[in-house]
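Below is one structure, written out as structure tokens; comments come after it.
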Amino acid sequence: MQIAASDFSERETLFVEVVLPLSLAINYTYRVPFELNEVIAVGKRVVVQFGKHKIYTALVKSIGTTPPEHYQAKYVIDVVDDYPVVTPKQFEFWEWIVSYYLCNEGDVMAAALPTGLKLASETVLLLKEEQPEEVELNDKEKLILEVLQKQHRISIDEVASLLGQKTVYPIVNSLIAKEVIVAAEEVVDKYKPLLKSFVKLNVFYLEEENLRQLFAQLEKAPKQLDALLGYLKLSKDKGYIPKNQLIEESGCGQAALKALTDKEIFYVEKRPVSRLSSDGEIFDVNFKLSEHQQAALDQVNQQFEHKDVVLLHGVTASGKTQLYIKLIEEAIATGGQVLFLLPEIALTTQIVARIKLYFGNKIGVYHSKFNDNERVEIWNKVLNGAYQVVLGARSAVLLPFNDLRLVVVDEEHENSYKQYDPAPRYQARDAAVVLGHLHQAKVILGSATPSLESYYNAKIEKYGLVELNERFGGVQLPLQEVVSIAEETKRKKMVSYFTSVLADDIAEALEKKEQVILFQNRRGYATILICATCGYAPKCVNCDVSLTYHKSSGKLHCHYCGYHQSSINVCPACGSVHVEQKGFGTERIEEELSLIFPDAKIARLDLDSTRTKNGMQQIISDFQEKKNDILIGTQMVAKGLDFENVSLIGVINADTLLNFPDFRAFERSYQLLAQVAGRAGRRDKQGKVCIQAYADDHRIIKQVIDNNYEQMYEDELEERRQFHYPPFSRLIFINVKHKDANVLNLAAQTLANNLRAQLGKRVLGPEQPLVSRVRNYYIKQIILKIERTAAMQKVKTVLVDTIRDFNAQKDFRSVITQIDVDPY
DNA sequence: AGCACGCCGACT
DNA sequence: GTCGGCGTGCTC
């Protein structure tokens, strides 16, 4: 219901349906106190109490006059915003996400709003002003009281850690009953505008005569005179100038400024400033599109006339970015907004810098490395239209666009567009297509190796298709070679993990002072430790996985839950000292390499070496500045990085990719290998790619070498057709979890049976997933494979209802079920 | 999510 | 007996 508050007479009682930022199945209704009738509006945030204590900011979704039938609604405590922070279009979009990905509206709200816009209360305890004369207190109560007498307030969490126990409310409540303390809910407004001091000259001195007198007056205070001169020079027509800038540029010092302020010659005022640095300059990067690019651009625009979505299949280095820039320019020329989605990892790289340079302060960047205050500012700037272009990762689709004209999804095949853990488990590329549709915007999906789904959509003419096959500026394709590890092993030519071919290539590149990137899709030092005597391998205590040995920490780590323990030299099972390392990761490669090439400077790029905020940026820029000769990395090295001086790319072991048990494994291997290969040799020199593999005659490797995407697509599509995988069907995974393996087995079987009763052979499983226990929860998976022609919404309704009924059964109440639509 | 309520094992 | 952990239900 979309009714403006002003449509109601002042004394009418209003009720609002609100979304809470929690994973709840329904929305809740609150009553609006009369005095807020005027200011309440859809899309504004309100402060409400939810449950016994907690206070949250909820979002007004609709306003009505009918009171709820079966309960007394609580009052809205306050209205937070002067203007709506969520637009009607967003609510519409959220509803689509809820119904398509089968999650709750609160999940979407929690994911969409930056934390700064989601205040929640914290319970704090305060001493009661009038203390009772005689009370009996036990030791714990006395302890709390003592602390309170010292610091006047204490939070519930602090009480818990003070007493060293989890249950604290009985004690707290007893203290309240004894009238010793009171509890209060403190709402912390998390967003704090950044305040900076600004200096302004008293308007009195704007008169020339007064100013002359002031100069005379300050003659004996040279520092103050400096400050005044500095101010006059900097201020020009602006009244306020930043205090630190004045001090720095005039060299007047704090004291002089303070003296002037005390004399009321200057006024100092704190004003909110933006954290988002913008130099405000718009660079005129005047580039010309090549003939091929211009042709492709024309085709895109042509296709946009009758298609809303166009897939741009452009080989690596074909200059897709320039096309995007032209399209963005056209879209914003008439005042519209543009969303440019990139995989998270690519956001720290050159492409962003290039586009930022080009569009100046019209552009906002949004990704997970931004802190919360910055995100709130971006949110507001998108909402009020200050940003016309937003460059962002997955979650940027949830920003409050007003007038979206174009959506660009670069590297559309990247699986990081799919959110896996918490709900909403959405695919940002697909959501972007829907968002585009809501705004009647055009959508362009770009990739050198499109996802099978998108390419299929283009082939059946659901999407437009534009091919860009020419490498920009005549960049040559790299020389590619495949080396059989098996063969080299047989001939005893392997040098640790390197075939003689790769080792020679590396030596040659180093000789020529060119850089090398080595790709190994596994981090850590050795994959696992294994006892050569009894076969024992240390496993995680919380998860069903073997631990990985990390040499830098000297510990065994679990990559699923973060558990780690010290390493073992002696087998705990049989006492044998023959504990061996099996498999190898990036760390191990790094070490082996430094033995073979002791003079080479080697860096490593993986999750472990990039934990800190600027870790990755540092490693990348060091490599760009040629501080290192060789960069070893996981997938990270493949994505969006351009290094001018890299002449050799080595793939240590392609088999680990190909052998991944997933129906998309071959497609992904192709994409990854093609992308890795694309990193070699830009501009003038021809690069080299060396792929090591046991399965050296694998068709995927051949197709990568031949740069034959089309053939890969045909082969894969045939496989998918035969085995009824997407795009010929839709998949929904249902993950069932429980702490007790027996309960889980029964539960998963029961749920599968219940589903099968209604959906028949579309239901597969329950199956044991690759990792069957994570963080102490056992996991089973039920898979729904639904034919393209089925009524999807009906199937989803059946699914949700069945799970609801299942969870209502006594024995299965504590069973956790997660639905993952279109898993990746 | 986070709190209350109620059941049940461990410890003074 | 009582304290505290843990499972379950509910929140407008």
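We name chains A, B, ... by the order of the sequence lines, and we start the count at 1 in each one. Fair warning: this is a prediction, and the values are worked out from it, not measured in the lab.
- Between the side chain of S772(A) and the backbone N or O of P769(A), no donor-acceptor pair lies under 3.5 Å.
- Comparing K810(A) and K140(A), the nucleotide of DNA chain C nearest to each residue sits closer to the 5' end for K140(A).
- Between F15(A) and Y30(A), the distance separating the two ring centers is not shorter than 6.0 angstrom.
- Taking the six-membered ring wherever Trp is involved, the centroid distance between the rings of Y366(A) and W379(A) does not fall below 6.0 Å.
- Going from atom CD of Q49(A) over to atom P of dG2(B) covers 15 Å, rounded to whole Å.
- Distance OH (Y28(A)) to C1' (dC10(C)): 7 Å, rounded to an integer number of Å.
- If you measure from atom CG of N173(A) to atom C1' of dC3(B), you get 10 Å, rounded to the nearest angstrom.
- Distances shorter than 4.0 Å separate some side-chain N or O of H53(A) from OP1 or OP2 on dA4(B).
- Using a 4.0 Å heavy-atom cutoff across all strands shown, F50(A) reaches at least one base atom of the nucleic acid.
- The side chain of Q165(A) approaches dG5(C) more closely than any other nucleotide in the set dA4(B), dG5(C), dT8(C).
- In this entry the distance linking OH of Y777(A) with C1' of dG7(C) reads 11 Å, nearest Å.
- Checked against dA1(B), dG4(C), dA4(B), the side chain of T167(A) finds its nearest nucleotide in dG4(C).
- Contact annotation for L24(A): base contact, defined as any heavy-atom pair under 4.0 Å involving a base atom.
- Checking the phosphate oxygens (OP1, OP2) of dT11(C), no side-chain nitrogen or oxygen of K54(A) falls inside 4.0 Å.
- If you take CD1 of I26(A) and P of dC10(C), they are 12 Å apart, rounded to a whole angstrom.
- Aromatic ring centroids of Y169(A) and H53(A) lie under 6.0 Å apart.
- Using a 4.0 Å heavy-atom criterion, one finds that F15(A) contacts no nucleic acid atom at all.
- Residue N27(A) contributes atom CG, which lies 19 Å from atom P of dC10(C) at whole-angstrom precision.
- Note on T29(A): a base of the nucleic acid sits closer than 4.0 angstrom, heavy atoms only.
- With a 6.0 Å cutoff to the six-membered ring centre and a 45° limit on the axis angle, K796(A) counts as a cation-pi contact of Y100(A).
- When the C1' atom of dT12(B) is taken as reference, atom CG of D139(A) falls 14 Å away, rounded to whole Å.
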